[in-house]
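Right, one structure below, let's go through it.
In listed order, ligands and their atoms are each counted from 1.
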Amino acid sequence: MCGIFGYIGEKNPLQVCLRGLKQLEYRGYDSAGISGIFEGRLLTFKEASKVNYLEDKVIPKDLKMEIAIGHTRWATHGKPTLLNAHPHSDGKNSLALVHNGVIENYETLKEMLKNKGVTFNSDTDTEVIVQLISFFYKQDLKKAVFRALKLLKGSLAIAVIHKDTPDLIVAACRESPLCIGYNEEKTEALVSSDPNAFLGKSLQVLFLKNEEVACIRRKEVLVYDKNGKKIEKPIEKFDAEYEAPSKDGFEHFMLKEIFEQPLTIQKAILGRYSEDFGTAEFENLSFSSKDLAAVSNVLIIACGTSFLAGNIAAALLEEKARIPTHTEIASEFRYKNPIITKGTLIIAISQSGETADTIAAVREAKAKGAKVLGICNVKNSTLTRESDSCLFLKAGPEISVCSTKAFTSQIAVLSLFTLYMARLRHYSKEEGTTFIQDLKKIPQKLKQVLDKAPEMRQLAEKYSKYENFFFLGRRYMHFTCLEAALKLKEISYVNANGYPAGELKHGPIALLDENLPIAAFCANKQTYEKILTNLLEAKARGAPILAFAPVGSEELLAIADDIFWLPSTCDEFAVFPSTVAGQLFAYYIAKIRGTDIDQPRNLAKSVTVE
Ligand code: G6P
């Protein structure tokens, strides 16, 4: 999704910005642009495609700009065209601006400005901000930004430059992250929506809060509160780990990350359990065991794949720790008046830690006095800073837009958290030790699934001709099948609806015939006989059946058209091999259908707008 990067300093700002934008590419975007000041003129370069093309356009010009701001855009208002790409500038081409977020009252403001003679060139809400700042500008950029902010409604992170002040970037934020980094020698300053884009530099970093405005110069960074009063901000030392994204010989990031899972599960659990005590142990868990023993109910909030992991965690917490647990899609939760009591623990799950709806839901929960435990993969992300305590996935950067390894790591971490909560309650040491031993076997079992990737490819050949699927499962396999269906939709653009199998007869069965195959997730032993009956009902209506089942499920031989055999596990951990099988299925169908797996259409890795 949209990303901001700006630079002022001794290096070539244009080149530093291009490198910064490349760091932001993984978030998903459709166009990119850079503006800078060169010999007193404002120059802007844009491409309605990838940063590489922008680079090809800009680098040969060999411009040593004084300052530059760049942007990767994921279209919200207006198509992904050159005109709608950021940076946007005013009619006089004197100032340029990049923006993340959504301006809710842009139509009213646009009308107001048009009535005052301002001409607009794009369909974006962003152009309203730049025209407004230009309208208020009287030789003082900071003042003009403050005046504009007063009128703007919605979320924003902005960086603005003006040709009259080639040594200044003004930045501001509201409900959308923005941070500023500078080196100790004060020879360079950077601004970005994501500190991980700071290119492996060792910097002093400050994070802007709502309504704060910063004036960024090479030698100093001054921050003002919403009343224009200068404030001192806490500075963090930040060493941005720089790991150049690499596919390690795999054709796509998605495949690489699917194959990483035996290792990422190990990393997620390593050092986080004690077999002797049959319990989990977490570094940096800032809630005391007394706090957690007093938790009376859990509310899990998340979006997308993380939400589906949250549902599996909820089933675990209820079954193993006997704690009433609900899940809420973050975008819904934030507009409810949630019931939060003294004993409520909120768990917010987000791979990126930047999903706008999840962050807004966390803020809403905290405003009601709730304690928030974050489950996150990205250090220094907004979620990690705003939760009361955070457990990291340690899965390494997830580049593929389709989330794979983060999902299984979320479940691994939340399984251990469930164990911890269960041991604070009724779980015996022996039960805890068995739980750990079962979990420790998972990486090896995932290797067995991955070894069968060629077989999955053959199955995908057979099933890739269908345009619609039903994915069925029960208990732990219910949300596992929803995640597998989501993967297929995201990456192959095939319609896949997931259902708890028992629900089939209450409506969806009307659609069944020989053109609607069923992907059946049969690894839940507790409900195995029940799903067999559901599949017989589907078979009677001619639906082709592909079963994902643990070895030994012989009854399926007479029902399913095809079976992908999985290693056997206990019910609660069957999600791991079944998920990996679902990921491989989605991947190979997408590959056979020829979709762009590294850049699936319309999707963003990190959704930073509402
Ligand atoms: C986007 C991604 C999904 C992801 C969701 C939540 O929609 O494309 O793969 O599951 O955001 O992301 P988060 O970073 O909060 O887990």
Side-chain angles (χ1 to χ4, degrees), residues 1-3 24-30 74-76 176-177 193-194 196 252-254 257-258 264 268 300-313 327-334 346-363 372-387 390-393 395-411 413-414 479 482-493 498 579 582-583 586-587 590 595-610:
M1 194 150 270
C2 303
L24 296 168
E25 278 192 298
Y26 77 95
R27 297 157 71 106
Y29 69 107
D30 42 56
W74 185 84
T76 58
S176 192
S193 48
D194 180 349
N196 295 301
H252 299 101
F253 281 112
M254 182 177 175
E257 288 163 7
I258 291 173
T264 49
I300 300 181
I301 47 182
C303 299
T305 288
S306 296
F307 174 73
L308 298 173
N311 279 283
I312 290 165
T327 56
E328 286 269 13
I329 293 203
S331 54
E332 287 298 310
F333 174 87
R334 59 185 293 192
I346 300 280
I347 300 183
I349 312 175
S350 173
Q351 187 283 130
S352 62
E354 300 295 353
T355 302
D357 286 320
T358 306
I359 300 301
V362 165
R363 288 176 183 156
V372 177
L373 172 66
I375 307 290
C376 192
N377 196 33
V378 180
K379 284 192 184 159
N380 298 299
S381 58
T382 306
L383 179 64
T384 64
R385 281 180 284 110
E386 299 208 7
S387 325
C390 195
L391 297 178
F392 287 98
L393 303 182
E398 189 179 67
I399 305 294
S400 162
V401 173
C402 257
S403 182
T404 55
K405 62 177 179 172
F407 177 78
T408 46
S409 291
Q410 285 163 345
I411 293 165
V413 170
L414 284 161
F479 287 97
L482 292 194
E483 168 58 10
L486 180 61
K487 289 292 88 100
L488 189 62
K489 277 187 272 218
E490 284 179 314
I491 205 73
S492 67
Y493 320 146
T579 294
Q583 293 166 350
Y587 173 81
T595 60
D596 185 349
I597 293 175
D598 277 336
Q599 289 293 332
R601 71 181 181 208
N602 303 340
L603 300 182
K605 182 72 188 150
S606 178
V607 178
T608 50
V609 293
E610 198 178 335

**OP:** Using a strict cut-off of less than 4.0 Å between a Lys/Arg side-chain nitrogen and an Asp/Glu carboxylate oxygen, indicate whether K405 and E398 qualify as a salt bridge.
**Re:** no
Original post:
Looking at A361 and I301, what are the two nearest heavy atoms and their distance?
Top reply: CB-CD1, 3.7 Å
**OP:** Identify whether the distance between the nearest side-chain nitrogen and carboxylate oxygen of D596 and R601 falls below 4.0 Å.
**Re:** no
Original post:
Of all the non-hydrogen atoms in the protein, which one sits nearest to atom 14 (O) of ligand 1, and at what distance?
Top reply: S352 OG, 2.6 Å
Original post:
Tell me, which protein residue and heavy-atom name are nearest atom 6 (C) of ligand 1, and how many Å apart are they?
Top reply: C303 O, 3.5 Å
Original post:
With atoms numbered from 1 as shown, which atoms in ligand 1 lie under 4.0 angstrom from a non-hydrogen atom of S350?
Top reply: 13 (P), 14 (O), 15 (O), 16 (O)
**OP:** Quick one: list whatever passes salt bridge (charged side-chain N to carboxylate O under 4.0 Å, His left out) with E354, sequence neighbours left out.
**Re:** none
Subject >> Heavy atom of the protein closest to atom 15 (O) of ligand 1 (residue, atom name, distance) >> reply: T355 OG1, 2.4 Å
Subject >> Nearest-contact summary for atom 3 (C) of ligand 1 - protein heavy atom, Å >> reply: E490 OE2, 4.2 Å
**OP:** Considering only non-hydrogen protein atoms, determine which one is nearest to atom 16 (O) of ligand 1 and report residue, atom name and distance to 0.1 Å.
**Re:** S306 OG, 2.5 Å
Subject >> Atoms in ligand 1 with a heavy atom of T305 nearer than 4.0 Å >> reply: 10 (O)
**OP:** Could you tell me which non-hydrogen atom of G374 sits nearest to which non-hydrogen atom of L383, and how far apart they are?
**Re:** CA-CD2, 4.2 Å
Original post:
Does ligand 1 have an atom under 4.0 Å from some heavy atom of V401?
Top reply: yes
**OP:** Kindly confirm or rule out an N or O of Q410 lying under 3.5 angstrom from an N or O of ligand 1.
**Re:** no
**OP:** Indicate the atoms forming the closest heavy-atom contact of F407 with L308, along with that distance.
**Re:** CE1-C, 3.9 Å
Original post:
Do any nitrogen or oxygen atoms of A604 come within less than 3.5 Å of a nitrogen or oxygen of ligand 1?
Top reply: yes
**OP:** Give the residue and atom name of whichever protein heavy atom lies nearest to atom 7 (O) of ligand 1, and the separation in Å to one decimal.
**Re:** V607 CG2, 3.7 Å
Original post:
Between Y587 and I491, which heavy-atom pair has the shortest distance, and what is it?
Top reply: N-CG2, 4.5 Å
**OP:** Under 4.0 Å, heavy atoms only, figure out whether ligand 1 is touched by the backbone of K605, its side chain, both or neither.
**Re:** backbone
Original post:
If we ignore angles and hydrogens, is there a donor and acceptor under 3.5 Å between the side chains of T579 and K487?
Top reply: no
